[in-house]
Amino acid sequence: MTGPIIMKFGGTSVGSADRIRTVAGIVAKAKKQRNVVVVISAMSSVTNTLVSAGRHAAGKNMAGLNRDFKHLQTIHLEAISGLRLDDAAAAGLRTTVEAHLAHLRKLLDSILELGELTPRAHDLIVSFGERISVRLLAQALTAIGVPADPIDAGALIVTSDTFGNAAPHLEESQRQARPIIQELFKKGRIPVVTGYMGATAGGITTTLGRGASDYSATILGYCLDAAAVEIWTDVDGVMTADPKMVSDAHTIGALSYNEAAELSYFGANVLHPLTMVPAARKMIPIWIKNTFNPTHPGTKISGQIHASEYGGKAISILKNVSLITVQGKGMLGVPGVAGRVFGEVARADINVLFISQASSEFNISFIVMHQDGGKAVKILQKAFHQNLTENTIEAVAIQESLAIVAVVGEGMKGHFGVAGRIFTALGDAQINIMAIAQGSSERNISLVISMDDVSEAAQSTHRAFKMGKAKVSL
Ligand code: ASP
Ligand code: MG
(Lines give C-alpha, C1' and ligand atoms only; values in the text may rest on other atoms or scores of the structure.)
(Ligands and ions follow the chains in the order given, each with its own letter.)
Protein backbone atom coordinates (compact mmCIF):
# COMPACT_ATOMS: atom_id res chain seq x y z
CA MET A 1 0.00 0.00 0.00
CA THR A 2 1.29 3.45 -0.83
CA GLY A 3 1.56 5.97 1.95
CA PRO A 4 -1.06 8.48 3.06
CA ILE A 5 -1.34 12.10 2.03
CA ILE A 6 -0.64 14.76 4.63
CA MET A 7 -2.92 17.77 4.15
CA LYS A 8 -1.90 20.90 6.07
CA PHE A 9 -4.19 23.92 6.35
CA GLY A 10 -2.95 27.29 7.62
CA GLY A 11 -4.56 29.80 9.97
CA THR A 12 -6.54 31.68 7.32
CA SER A 13 -7.86 28.40 5.91
CA VAL A 14 -9.40 27.60 9.31
CA GLY A 15 -10.05 31.25 10.23
CA SER A 16 -13.84 31.00 10.64
CA ALA A 17 -16.62 28.41 10.89
CA ASP A 18 -17.37 28.73 7.16
CA ARG A 19 -13.76 28.17 6.29
CA ILE A 20 -13.48 25.19 8.61
CA ARG A 21 -16.46 23.67 6.79
CA THR A 22 -14.78 24.34 3.42
CA VAL A 23 -11.66 22.56 4.67
CA ALA A 24 -13.76 19.63 5.90
CA GLY A 25 -15.22 19.34 2.38
CA ILE A 26 -11.76 19.29 0.76
CA VAL A 27 -10.52 16.66 3.23
CA ALA A 28 -13.64 14.49 2.82
CA LYS A 29 -13.11 14.42 -0.94
CA ALA A 30 -9.44 13.42 -0.62
CA LYS A 31 -10.31 10.68 1.88
CA LYS A 32 -12.31 8.89 -0.82
CA GLN A 33 -9.03 8.19 -2.66
CA ARG A 34 -6.66 7.25 0.15
CA ASN A 35 -5.68 7.62 3.79
CA VAL A 36 -5.34 11.20 4.92
CA VAL A 37 -3.64 12.86 7.88
CA VAL A 38 -4.68 16.47 8.46
CA VAL A 39 -2.38 18.99 10.13
CA ILE A 40 -3.70 22.44 10.98
CA SER A 41 -2.62 25.75 12.44
CA ALA A 42 -4.46 27.75 15.04
CA MET A 43 -7.29 29.97 13.70
CA SER A 44 -5.77 33.17 12.31
CA SER A 45 -4.92 35.79 14.98
CA VAL A 46 -5.02 33.19 17.76
CA THR A 47 -1.29 32.48 18.14
CA ASN A 48 -0.51 36.21 18.19
CA THR A 49 -3.18 36.70 20.84
CA LEU A 50 -1.77 33.86 22.94
CA VAL A 51 1.71 35.39 22.73
CA SER A 52 0.27 38.72 23.79
CA ALA A 53 -1.72 37.17 26.64
CA GLY A 54 1.44 35.52 27.97
CA ARG A 55 3.29 38.85 27.86
CA HIS A 56 0.47 40.71 29.56
CA ALA A 57 0.29 38.09 32.29
CA ALA A 58 4.05 38.22 32.90
CA GLY A 59 3.86 42.03 32.99
CA LYS A 60 1.01 41.84 35.52
CA ASN A 61 -1.23 43.68 33.08
CA MET A 62 -4.61 42.25 34.06
CA ALA A 63 -6.62 44.48 31.69
CA GLY A 64 -4.51 43.47 28.69
CA LEU A 65 -4.73 39.83 29.67
CA ASN A 66 -8.50 39.99 30.01
CA ARG A 67 -8.83 41.62 26.61
CA ASP A 68 -6.76 38.89 24.96
CA PHE A 69 -8.60 36.14 26.75
CA LYS A 70 -11.96 37.57 25.74
CA HIS A 71 -10.85 37.52 22.10
CA LEU A 72 -9.82 33.86 22.40
CA GLN A 73 -13.18 32.94 23.93
CA THR A 74 -15.17 34.85 21.33
CA ILE A 75 -13.39 33.59 18.24
CA HIS A 76 -13.61 29.93 19.28
CA LEU A 77 -17.13 29.93 20.70
CA GLU A 78 -18.44 31.82 17.66
CA ALA A 79 -16.79 29.27 15.41
CA ILE A 80 -18.64 26.46 17.20
CA SER A 81 -21.98 28.18 16.62
CA GLY A 82 -21.18 28.56 12.91
CA LEU A 83 -20.26 24.91 12.35
CA ARG A 84 -23.90 23.82 11.92
CA LEU A 85 -23.56 20.83 14.22
CA ASP A 86 -26.54 19.04 15.71
CA ASP A 87 -27.35 20.05 19.28
CA ALA A 88 -25.61 17.15 21.00
CA ALA A 89 -22.41 17.53 18.95
CA ALA A 90 -22.37 21.30 19.49
CA ALA A 91 -22.84 20.91 23.24
CA GLY A 92 -20.09 18.27 23.43
CA LEU A 93 -17.68 20.44 21.47
CA ARG A 94 -18.53 23.51 23.57
CA THR A 95 -17.74 21.57 26.75
CA THR A 96 -14.37 20.44 25.36
CA VAL A 97 -13.38 23.89 24.13
CA GLU A 98 -14.47 25.54 27.37
CA ALA A 99 -12.37 23.04 29.32
CA HIS A 100 -9.36 23.97 27.19
CA LEU A 101 -10.01 27.68 27.71
CA ALA A 102 -10.38 27.15 31.45
CA HIS A 103 -7.07 25.28 31.59
CA LEU A 104 -5.43 28.07 29.59
CA ARG A 105 -6.87 30.71 31.94
CA LYS A 106 -5.49 28.85 34.93
CA LEU A 107 -2.02 28.82 33.39
CA LEU A 108 -2.22 32.52 32.53
CA ASP A 109 -3.37 33.35 36.05
CA SER A 110 -0.39 31.54 37.54
CA ILE A 111 1.92 33.51 35.28
CA LEU A 112 0.17 36.70 36.36
CA GLU A 113 0.73 35.68 39.97
CA LEU A 114 4.39 34.88 39.40
CA GLY A 115 5.04 37.83 37.08
CA GLU A 116 7.34 35.56 35.10
CA LEU A 117 6.99 33.68 31.84
CA THR A 118 9.57 30.96 31.23
CA PRO A 119 10.18 29.67 27.67
CA ARG A 120 8.67 26.36 28.74
CA ALA A 121 5.47 27.97 30.02
CA HIS A 122 5.34 30.13 26.90
CA ASP A 123 5.32 27.04 24.66
CA LEU A 124 2.55 25.41 26.64
CA ILE A 125 0.41 28.55 26.41
CA VAL A 126 0.85 29.16 22.67
CA SER A 127 0.08 25.50 21.90
CA PHE A 128 -3.55 26.07 22.91
CA GLY A 129 -4.45 27.64 19.55
CA GLU A 130 -3.78 24.39 17.71
CA ARG A 131 -5.15 22.24 20.55
CA ILE A 132 -8.50 23.96 20.08
CA SER A 133 -8.55 24.28 16.28
CA VAL A 134 -8.02 20.53 15.75
CA ARG A 135 -11.07 19.85 17.89
CA LEU A 136 -13.21 22.17 15.78
CA LEU A 137 -12.14 20.62 12.49
CA ALA A 138 -12.38 17.01 13.72
CA GLN A 139 -15.97 17.69 14.81
CA ALA A 140 -16.79 19.41 11.50
CA LEU A 141 -15.51 16.33 9.64
CA THR A 142 -17.39 13.90 11.84
CA ALA A 143 -20.55 15.95 11.27
CA ILE A 144 -20.38 15.39 7.51
CA GLY A 145 -19.97 11.64 7.94
CA VAL A 146 -16.17 11.46 7.89
CA PRO A 147 -15.12 10.27 11.35
CA ALA A 148 -12.06 12.16 12.60
CA ASP A 149 -10.05 12.37 15.82
CA PRO A 150 -8.14 15.37 17.17
CA ILE A 151 -4.55 14.57 18.17
CA ASP A 152 -2.11 16.72 20.11
CA ALA A 153 1.21 16.34 18.28
CA GLY A 154 3.04 15.95 21.58
CA ALA A 155 1.98 12.30 21.32
CA LEU A 156 3.63 11.96 17.89
CA ILE A 157 6.54 14.36 17.41
CA VAL A 158 9.54 14.06 19.74
CA THR A 159 11.71 17.18 19.93
CA SER A 160 14.68 18.72 21.68
CA ASP A 161 13.93 20.92 24.69
CA THR A 162 14.88 24.16 22.91
CA PHE A 163 11.57 25.81 23.81
CA GLY A 164 10.23 28.17 21.17
CA ASN A 165 12.38 26.64 18.47
CA ALA A 166 12.56 22.92 19.19
CA ALA A 167 14.26 20.52 16.78
CA PRO A 168 12.38 17.35 15.86
CA HIS A 169 14.00 13.94 16.38
CA LEU A 170 12.79 12.22 13.23
CA GLU A 171 13.54 8.58 13.98
CA GLU A 172 12.05 8.69 17.48
CA SER A 173 9.03 10.55 16.13
CA GLN A 174 8.59 7.91 13.45
CA ARG A 175 8.63 5.12 16.05
CA GLN A 176 6.12 6.98 18.17
CA ALA A 177 3.76 8.25 15.46
CA ARG A 178 3.39 5.19 13.24
CA PRO A 179 1.43 2.83 15.48
CA ILE A 180 -0.91 5.60 16.66
CA ILE A 181 -1.75 6.71 13.12
CA GLN A 182 -1.96 3.16 11.72
CA GLU A 183 -4.48 2.27 14.39
CA LEU A 184 -6.72 5.16 13.30
CA PHE A 185 -6.35 4.25 9.62
CA LYS A 186 -7.44 0.70 10.39
CA LYS A 187 -10.63 2.08 11.87
CA GLY A 188 -11.14 4.32 8.82
CA ARG A 189 -10.68 7.49 10.87
CA ILE A 190 -8.87 10.71 9.97
CA PRO A 191 -6.27 12.00 12.43
CA VAL A 192 -6.45 15.80 12.73
CA VAL A 193 -3.10 16.78 14.22
CA THR A 194 -1.98 20.05 15.80
CA GLY A 195 0.70 21.83 13.78
CA TYR A 196 3.44 23.87 15.47
CA MET A 197 3.89 21.76 18.61
CA GLY A 198 5.68 18.65 19.76
CA ALA A 199 6.98 17.36 23.08
CA THR A 200 10.29 16.35 24.60
CA ALA A 201 10.97 12.67 25.25
CA GLY A 202 9.80 13.43 28.79
CA GLY A 203 6.44 14.72 27.49
CA ILE A 204 6.94 18.47 28.04
CA THR A 205 5.19 20.56 25.35
CA THR A 206 7.47 22.39 22.91
CA THR A 207 6.92 24.46 19.78
CA LEU A 208 8.88 24.29 16.53
CA GLY A 209 8.99 28.04 15.83
CA ARG A 210 6.49 30.58 14.48
CA GLY A 211 4.88 29.50 11.24
CA ALA A 212 6.13 25.95 11.74
CA SER A 213 2.92 24.05 11.07
CA ASP A 214 4.21 23.49 7.53
CA TYR A 215 7.25 21.88 9.09
CA SER A 216 5.00 19.70 11.28
CA ALA A 217 3.34 18.44 8.10
CA THR A 218 6.56 17.26 6.46
CA ILE A 219 7.83 15.81 9.75
CA LEU A 220 4.71 13.66 9.83
CA GLY A 221 5.13 12.96 6.11
CA TYR A 222 8.59 11.60 6.93
CA CYS A 223 7.31 9.54 9.85
CA LEU A 224 4.51 7.95 7.79
CA ASP A 225 6.31 7.59 4.43
CA ALA A 226 3.64 9.82 2.91
CA ALA A 227 2.95 9.74 -0.81
CA ALA A 228 2.73 13.53 -0.77
CA VAL A 229 2.43 16.49 1.57
CA GLU A 230 -0.10 19.15 0.55
CA ILE A 231 0.27 22.62 2.05
CA TRP A 232 -3.12 24.33 1.66
CA THR A 233 -2.82 28.08 1.94
CA ASP A 234 -4.48 31.24 0.62
CA VAL A 235 -2.50 31.71 -2.61
CA ASP A 236 -2.24 29.61 -5.77
CA GLY A 237 1.32 28.51 -5.09
CA VAL A 238 4.80 30.00 -5.08
CA MET A 239 4.98 32.93 -7.47
CA THR A 240 7.81 34.30 -9.61
CA ALA A 241 7.54 37.55 -7.61
CA ASP A 242 5.13 39.42 -5.38
CA PRO A 243 2.13 40.18 -7.64
CA LYS A 244 1.54 43.41 -5.71
CA MET A 245 4.82 44.69 -7.16
CA VAL A 246 5.10 42.83 -10.45
CA SER A 247 1.98 42.71 -12.58
CA ASP A 248 2.92 39.69 -14.70
CA ALA A 249 4.13 37.57 -11.77
CA HIS A 250 2.64 34.08 -11.98
CA THR A 251 2.57 30.76 -10.17
CA ILE A 252 5.59 28.54 -10.71
CA GLY A 253 4.57 24.98 -11.63
CA ALA A 254 7.61 23.20 -10.24
CA LEU A 255 10.43 24.00 -7.85
CA SER A 256 13.24 21.91 -6.42
CA TYR A 257 13.51 21.50 -2.65
CA ASN A 258 16.54 23.79 -2.68
CA GLU A 259 14.83 26.52 -4.67
CA ALA A 260 11.85 26.45 -2.34
CA ALA A 261 14.13 26.62 0.71
CA GLU A 262 16.08 29.60 -0.68
CA LEU A 263 12.86 31.43 -1.52
CA SER A 264 11.24 30.88 1.83
CA TYR A 265 14.39 31.90 3.66
CA PHE A 266 14.40 35.21 1.79
CA GLY A 267 10.93 36.40 2.47
CA ALA A 268 8.54 34.44 0.23
CA ASN A 269 6.02 33.90 2.96
CA VAL A 270 4.46 30.74 1.60
CA LEU A 271 6.46 28.16 3.52
CA HIS A 272 8.45 27.79 6.70
CA PRO A 273 12.09 27.43 5.52
CA LEU A 274 12.67 24.09 7.27
CA THR A 275 9.64 22.46 5.64
CA MET A 276 11.73 21.02 2.83
CA VAL A 277 14.23 19.20 5.08
CA PRO A 278 12.24 16.11 6.15
CA ALA A 279 10.53 15.87 2.73
CA ALA A 280 13.83 15.93 0.83
CA ARG A 281 15.26 13.16 3.02
CA LYS A 282 12.60 10.77 1.76
CA MET A 283 11.97 12.48 -1.59
CA ILE A 284 8.34 13.16 -0.70
CA PRO A 285 6.80 15.76 -3.03
CA ILE A 286 5.22 18.86 -1.47
CA TRP A 287 2.31 20.57 -3.19
CA ILE A 288 1.31 24.14 -2.43
CA LYS A 289 -2.46 24.42 -2.95
CA ASN A 290 -5.06 27.16 -2.51
CA THR A 291 -7.96 26.42 -0.14
CA PHE A 292 -9.94 29.18 -1.82
CA ASN A 293 -9.18 27.98 -5.37
CA PRO A 294 -8.83 24.21 -4.95
CA THR A 295 -8.86 23.29 -8.64
CA HIS A 296 -5.71 25.32 -9.36
CA PRO A 297 -2.81 22.85 -9.77
CA GLY A 298 -0.53 24.89 -7.47
CA THR A 299 3.24 24.44 -7.15
CA LYS A 300 4.99 21.08 -6.89
CA ILE A 301 8.21 21.01 -4.87
CA SER A 302 10.31 17.91 -5.40
CA GLY A 303 13.78 16.56 -6.07
CA GLN A 304 13.42 17.24 -9.79
CA ILE A 305 15.19 20.21 -11.30
CA HIS A 306 13.50 22.26 -13.99
CA ALA A 307 15.90 24.97 -15.05
CA SER A 308 14.57 28.10 -16.71
CA GLU A 309 16.03 29.85 -19.74
CA TYR A 310 18.24 32.40 -17.95
CA GLY A 311 18.74 30.43 -14.76
CA GLY A 312 16.78 32.72 -12.43
CA LYS A 313 13.31 31.44 -11.65
CA ALA A 314 11.90 33.68 -8.96
CA ILE A 315 12.56 36.85 -7.03
CA SER A 316 12.10 37.09 -3.35
CA ILE A 317 12.27 40.26 -1.31
CA LEU A 318 12.94 40.76 2.33
CA LYS A 319 11.98 44.24 3.49
CA ASN A 320 12.94 46.24 6.56
CA VAL A 321 16.47 45.05 7.07
CA SER A 322 19.51 46.95 8.34
CA LEU A 323 23.10 46.82 7.19
CA ILE A 324 25.70 46.83 9.97
CA THR A 325 29.25 47.67 9.00
CA VAL A 326 32.34 47.23 11.13
CA GLN A 327 35.11 49.21 9.48
CA GLY A 328 38.66 50.32 10.01
CA LYS A 329 42.07 50.04 8.37
CA GLY A 330 43.38 48.37 11.50
CA MET A 331 41.31 45.31 10.63
CA LEU A 332 43.49 44.63 7.63
CA GLY A 333 44.84 41.13 7.90
CA VAL A 334 44.02 40.85 11.60
CA PRO A 335 42.73 37.34 12.12
CA GLY A 336 39.71 36.71 14.24
CA VAL A 337 37.76 39.94 13.72
CA ALA A 338 35.01 38.23 11.74
CA GLY A 339 34.87 35.43 14.30
CA ARG A 340 34.48 37.95 17.11
CA VAL A 341 31.82 39.98 15.27
CA PHE A 342 29.63 36.99 14.48
CA GLY A 343 30.28 35.31 17.81
CA GLU A 344 28.99 38.39 19.67
CA VAL A 345 25.95 38.69 17.42
CA ALA A 346 25.11 34.99 17.74
CA ARG A 347 25.40 35.10 21.52
CA ALA A 348 22.77 37.86 21.51
CA ASP A 349 20.48 35.55 19.53
CA ILE A 350 20.45 37.86 16.53
CA ASN A 351 19.91 36.18 13.19
CA VAL A 352 22.34 37.22 10.45
CA LEU A 353 20.68 37.07 7.04
CA PHE A 354 23.53 38.02 4.78
CA ILE A 355 27.27 38.64 5.05
CA SER A 356 29.65 40.46 2.79
CA GLN A 357 33.30 41.36 3.13
CA ALA A 358 35.17 43.28 0.48
CA SER A 359 38.60 41.82 -0.33
CA SER A 360 40.27 44.99 0.92
CA GLU A 361 39.21 43.72 4.35
CA PHE A 362 38.56 47.27 5.48
CA ASN A 363 35.10 46.33 6.50
CA ILE A 364 32.73 43.52 7.32
CA SER A 365 29.06 44.11 6.54
CA PHE A 366 26.09 42.04 7.45
CA ILE A 367 22.34 42.28 7.39
CA VAL A 368 19.92 41.79 10.26
CA MET A 369 16.19 42.43 10.59
CA HIS A 370 15.34 46.05 11.40
CA GLN A 371 14.28 45.25 14.98
CA ASP A 372 17.67 43.65 15.76
CA GLY A 373 19.78 46.48 14.32
CA GLY A 374 20.11 48.78 17.32
CA LYS A 375 20.94 45.91 19.63
CA ALA A 376 23.60 44.55 17.25
CA VAL A 377 25.33 47.94 17.10
CA LYS A 378 25.34 48.31 20.89
CA ILE A 379 26.77 44.86 21.42
CA LEU A 380 29.54 45.38 18.90
CA GLN A 381 30.44 48.83 20.22
CA LYS A 382 30.81 47.31 23.64
CA ALA A 383 32.77 44.28 22.43
CA PHE A 384 35.16 46.37 20.33
CA HIS A 385 35.40 49.24 22.78
CA GLN A 386 39.17 48.89 23.05
CA ASN A 387 39.66 48.82 19.27
CA LEU A 388 37.35 51.79 18.81
CA THR A 389 39.37 53.81 21.31
CA GLU A 390 42.65 52.83 19.65
CA ASN A 391 41.04 53.49 16.26
CA THR A 392 42.04 50.08 14.87
CA ILE A 393 38.32 49.88 14.26
CA GLU A 394 36.95 53.24 13.19
CA ALA A 395 33.24 52.67 13.44
CA VAL A 396 30.36 50.31 13.86
CA ALA A 397 27.80 51.85 11.54
CA ILE A 398 24.20 51.08 10.73
CA GLN A 399 22.13 51.84 7.66
CA GLU A 400 18.38 51.29 7.95
CA SER A 401 15.35 51.06 5.64
CA LEU A 402 16.96 48.56 3.31
CA ALA A 403 15.76 45.45 1.53
CA ILE A 404 17.33 42.26 0.23
CA VAL A 405 16.41 41.23 -3.30
CA ALA A 406 17.24 37.60 -3.99
CA VAL A 407 17.17 36.05 -7.45
CA VAL A 408 16.80 32.29 -7.06
CA GLY A 409 17.02 29.34 -9.45
CA GLU A 410 18.81 26.00 -9.78
CA GLY A 411 19.74 26.94 -13.35
CA MET A 412 21.92 29.79 -12.06
CA LYS A 413 24.59 27.29 -11.07
CA GLY A 414 27.38 27.48 -13.58
CA HIS A 415 25.24 29.67 -15.80
CA PHE A 416 27.30 32.36 -17.43
CA GLY A 417 26.25 36.00 -17.03
CA VAL A 418 23.60 35.65 -14.34
CA ALA A 419 25.13 38.29 -12.09
CA GLY A 420 25.75 40.51 -15.12
CA ARG A 421 22.10 40.29 -16.08
CA ILE A 422 21.03 41.42 -12.60
CA PHE A 423 23.49 44.31 -12.46
CA THR A 424 22.56 45.52 -15.93
CA ALA A 425 18.87 45.42 -15.06
CA LEU A 426 19.38 47.38 -11.84
CA GLY A 427 21.91 49.73 -13.44
CA ASP A 428 19.50 50.57 -16.25
CA ALA A 429 16.86 51.30 -13.64
CA GLN A 430 19.40 53.53 -11.81
CA ILE A 431 19.16 51.50 -8.64
CA ASN A 432 22.10 51.67 -6.29
CA ILE A 433 23.37 48.29 -4.98
CA MET A 434 24.86 48.52 -1.48
CA ALA A 435 26.08 44.97 -1.02
CA ILE A 436 26.08 41.70 -2.89
CA ALA A 437 26.31 38.07 -1.86
CA GLN A 438 26.14 34.84 -3.73
CA GLY A 439 25.64 31.68 -1.76
CA SER A 440 28.19 29.03 -2.68
CA SER A 441 25.28 26.89 -3.81
CA GLU A 442 25.02 29.41 -6.69
CA ARG A 443 21.27 29.08 -6.54
CA ASN A 444 20.85 32.52 -5.10
CA ILE A 445 22.29 35.96 -5.72
CA SER A 446 21.23 38.52 -3.14
CA LEU A 447 21.56 42.26 -3.31
CA VAL A 448 20.98 44.94 -0.75
CA ILE A 449 19.13 48.03 -1.93
CA SER A 450 17.13 50.89 -0.47
CA MET A 451 13.51 50.20 0.46
CA ASP A 452 12.54 53.00 -1.95
CA ASP A 453 13.82 50.95 -4.89
CA VAL A 454 12.14 47.65 -4.07
CA SER A 455 9.28 47.69 -6.60
CA GLU A 456 11.45 48.96 -9.41
CA ALA A 457 14.13 46.33 -8.65
CA ALA A 458 11.57 43.53 -8.60
CA GLN A 459 10.09 44.65 -11.91
CA SER A 460 13.37 45.13 -13.72
CA THR A 461 14.93 41.82 -12.63
CA HIS A 462 11.68 39.96 -13.34
CA ARG A 463 11.78 41.42 -16.86
CA ALA A 464 15.50 40.77 -17.37
CA PHE A 465 15.08 37.07 -16.57
CA LYS A 466 11.89 36.84 -18.63
CA MET A 467 10.18 35.38 -15.60
CA GLY A 468 6.83 36.70 -16.69
CA LYS A 469 6.97 34.71 -19.86
CA ALA A 470 8.69 31.58 -18.67
CA LYS A 471 6.18 28.78 -18.57
CA VAL A 472 7.66 26.29 -16.20
CA SER A 473 5.81 23.11 -16.99
CA LEU A 474 5.72 19.88 -15.04
N1 ASP B 1 0.07 28.94 14.72
C2 ASP B 1 1.50 29.02 14.61
C3 ASP B 1 1.91 30.44 14.26
O4 ASP B 1 1.07 31.30 14.06
C5 ASP B 1 2.06 28.04 13.65
C6 ASP B 1 1.61 28.21 12.22
O7 ASP B 1 0.62 28.87 11.95
O8 ASP B 1 2.25 27.65 11.34
O9 ASP B 1 3.08 30.73 14.23
MG1 MG C 1 2.25 29.74 7.56
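Because the structure is a prediction, the values reported are computed rather than measured. Remember, it's 1-based here, ligands and their atoms both numbered in the order they're listed.
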Q. At the 4.0 Å heavy-atom cut-off, does Glu130 count as touching ligand 1?
A. yes
Q: Mark up the atoms of ligand 1 that fall under 4.0 Å of a heavy atom belonging to Arg210, in ascending order.
A: 3 (C), 4 (O), 9 (O)
Q) Quick one: which of Ser41, Gly209, Ser127 has a heavy atom closest to atom 7 (O) of ligand 1? A) Ser41
Q: Can you spot which of Arg105, Arg55, Lys70, Lys60 makes a side-chain contact (heavy atoms from CB on, under 4.5 Å) with Leu65?
A: Arg105
Q: Look only at the side chain of Ser16 and the backbone of Arg19, and say whether a donor-acceptor pair between them is shorter than 3.5 Å.
A: yes
Q) Does some non-hydrogen atom of Gly129 fall short of 4.0 Å from ligand 1? A) no
**Q.** Test item, Ala212 contacting ligand 1 (heavy atom, 4.0 angstrom)
**A.** yes
(Q) Can you tell me how far apart CD1 (Ile219) and CD1 (Ile157) are? Round to the nearest 0.5 Å. (A) 4.5 Å
Q. Can you list the ligand 1 atoms lying under 4.0 Å from a non-hydrogen atom of Thr47?
A. 1 (N), 2 (C), 3 (C), 4 (O)
Q. When the aromatic ring centroids of Tyr215 and Tyr196 are compared, is their separation below 6.0 Å?
A. no
Q.
In terms of relative ring orientation, are His103 and Phe128 parallel, tilted or perpendicular, with 30° and 60° separating the classes?
A. perpendicular
Q | Which of the ligand 1 atoms, numbered from 1, are nearer than 4.0 Å to a heavy atom of Ser213 | A | 5 (C), 6 (C), 7 (O), 8 (O)
Q. What closest approach, in Å, do Arg178 and Cys223 show between heavy atoms, and which atom pair accounts for it?
A. NE-O, 2.8 Å
